[in-house]
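One structure is given below, encoded as structure tokens.
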Amino acid sequence: MNEDEAEAPYAARERFWRGEHVAFTPLEPDDAELLQHWRADPVAAQEIGIWPGPLHDLRERLVSYVEDRTRDDFIVLLLDDTPIGHIALTDEDFVDGTAEAYLLLAPEHRGKGHAADALAALTDLAFGELPLQRVEALTHTENAAALATLKGAGFTQEGVRRSSCLHRGRRHDNALLSLLRTEWEAQIRPRSWDHV
């Protein structure tokens, strides 16, 4: 798939949510090839701890994501309709008010502030529209970029899940971070609904 083919379908897609410079459109099973491409990046594979499997398996998983009422998955778009990543709230439990944040950006769009913008929009959705009280995030303790982005978004590192991930025959520690509703409410910044 060339870049023009990857971007063309997104111009017509509905925008569900906004950040300052990004927008979210619901994830669809037809996004499988694009996600497969992003997940095949060695840095992303190291950071999320998995290698992409067969495309048909990913497509089936995306069908199950769309039907799963405990998660909300989106493609992150730049305002010019360029797809740049996958973001989600997973394991949503509206009784306990908890969920886990997930974000994967395309390699060429990392380090440009898009992750912080998308994460701010995601937490606005979690606390401004959904009845969540706590959003968690997990990342390798060596993933300095993700840790900095999460901490910049107001997440607090609560601890380390030692040896909780196996990747390439090596055990890795995962950092556990969280953002609480009261901490989000105390943030002084424009919210998603302030972006026109």
Side-chain angles (χ1 to χ4, degrees), residues 1-92 99-126 129-130 135-140 143 145-146 148-150 153 165 167-168 192 195:
M1 173 189 329
N2 68 40
E3 194 169 317
D4 290 339
E5 290 171 339
E7 294 175 18
Y10 295 94
R13 296 263 293 258
E14 173 189 357
R15 302 302 182 266
F16 174 78
W17 200 251
R18 279 209 53 177
E20 186 174 359
H21 301 287
V22 300
F24 295 174
T25 189
L27 182 72
E28 297 180 4
D30 288 343
D31 297 320
E33 191 171 340
L34 184 60
L35 265 63
Q36 180 86 336
H37 175 71
W38 292 337
R39 290 166 58 129
D41 170 62
V43 173
Q46 170 68 27
E47 291 173 358
I48 62 177
I50 58 173
W51 290 101
L55 183 59
H56 72 275
D57 284 350
L58 179 57
R59 193 177 310 278
E60 289 175 8
R61 193 170 320 126
L62 296 189
V63 168
S64 72
Y65 287 178
V66 170
E67 297 171 355
D68 187 344
R69 297 294 173 228
T70 66
R71 61 184 301 138
D72 287 301
D73 288 85
F74 307 99
I75 293 292
V76 181
L77 303 173
L78 294 180
L79 299 183
D80 68 0
D81 301 318
T82 302
I84 65 166
H86 172 206
I87 195 164
L89 286 170
T90 66
D91 298 321
E92 292 173 327
E100 186 173 327
Y102 170 86
L103 175 61
L104 171 66
L105 286 185
E108 64 273 18
H109 294 287
R110 295 181 196 139
K112 299 180 179 180
H114 301 313
D117 190 13
L119 194 55
L122 188 71
T123 58
D124 287 348
L125 175 64
E129 295 294 317
L130 300 175
V135 174
E136 294 182 354
L138 282 174
T139 190
H140 289 175
N143 190 346
T149 299
L150 287 162
C165 178
H167 184 70
R168 289 185 165 181
S192 292
H195 303 300

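Starting from 1, each residue takes its place in the sequence as its number.
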From Leu104 atom CG to Leu35 atom CG, the distance as rounded to the nearest 0.5 Å: 7.0 Å
- prompt: Taking side chain as C-beta onward, heavy atoms only, is Leu78 less than 4.5 Å from His109?
  reply: yes
query: With Phe74, which of Tyr102, Trp17, Phe16 fulfils ring-ring contact (aromatic ring centres under 6.0 Å, His included)?
result: Phe16
field: Min side-chain heavy-atom separation Val76-Phe24 under 4.5 Å
entry: yes
Closest non-hydrogen atom pair between Pro107 and Trp38, with its separation: CD-CD1, 4.5 Å
query: Without hydrogens or angle criteria, can the side chains of Tyr10 and Asp31 be said to hold a donor-acceptor pair below 3.5 Å?
result: yes
field: 4.5 Å side-chain heavy-atom contact, Asp30 and Leu62
entry: no
query: How many angstroms lie between atom CG of Leu125 and atom CG of Leu130, to the nearest 0.5 angstrom?
result: 4.5 Å
- prompt: Is the side chain of Asp124 donor-acceptor paired with the backbone N or O of Ser192 at a distance under 3.5 Å, no angle test?
  reply: yes
task: Look at the side chain of Arg110 and the backbone N and O of Leu105, then say whether any donor-acceptor pair between them is shorter than 3.5 Å.
output: yes
field: Whether Asp91 side chain and Glu100 backbone form a donor-acceptor pair below 3.5 Å
entry: no
query: Just how far is it from atom CG of Leu89 to atom CG of Asp72, taken to the nearest 0.5 Å?
result: 6.0 Å
Spacing of CG belonging to Leu122 relative to CG belonging to Leu103, to within rounding of 0.5 Å: 8.0 Å
query: If you take all heavy atoms of Ala121 and Gly19, which pair is closest and at what distance?
result: CB-CA, 3.8 Å
query: When you measure from the side chain of Asp117 to the backbone N and O of Glu20, does any donor-acceptor pair fall under 3.5 Å?
result: yes
task: To the nearest 0.5 angstrom, please state how far the CG atom of Leu34 sits from the NE2 atom of His86.
output: 10.5 Å
query: Taking atom CZ of Arg59 and atom CD of Gln36, what is their separation to the nearest 0.5 Å?
result: 9.5 Å
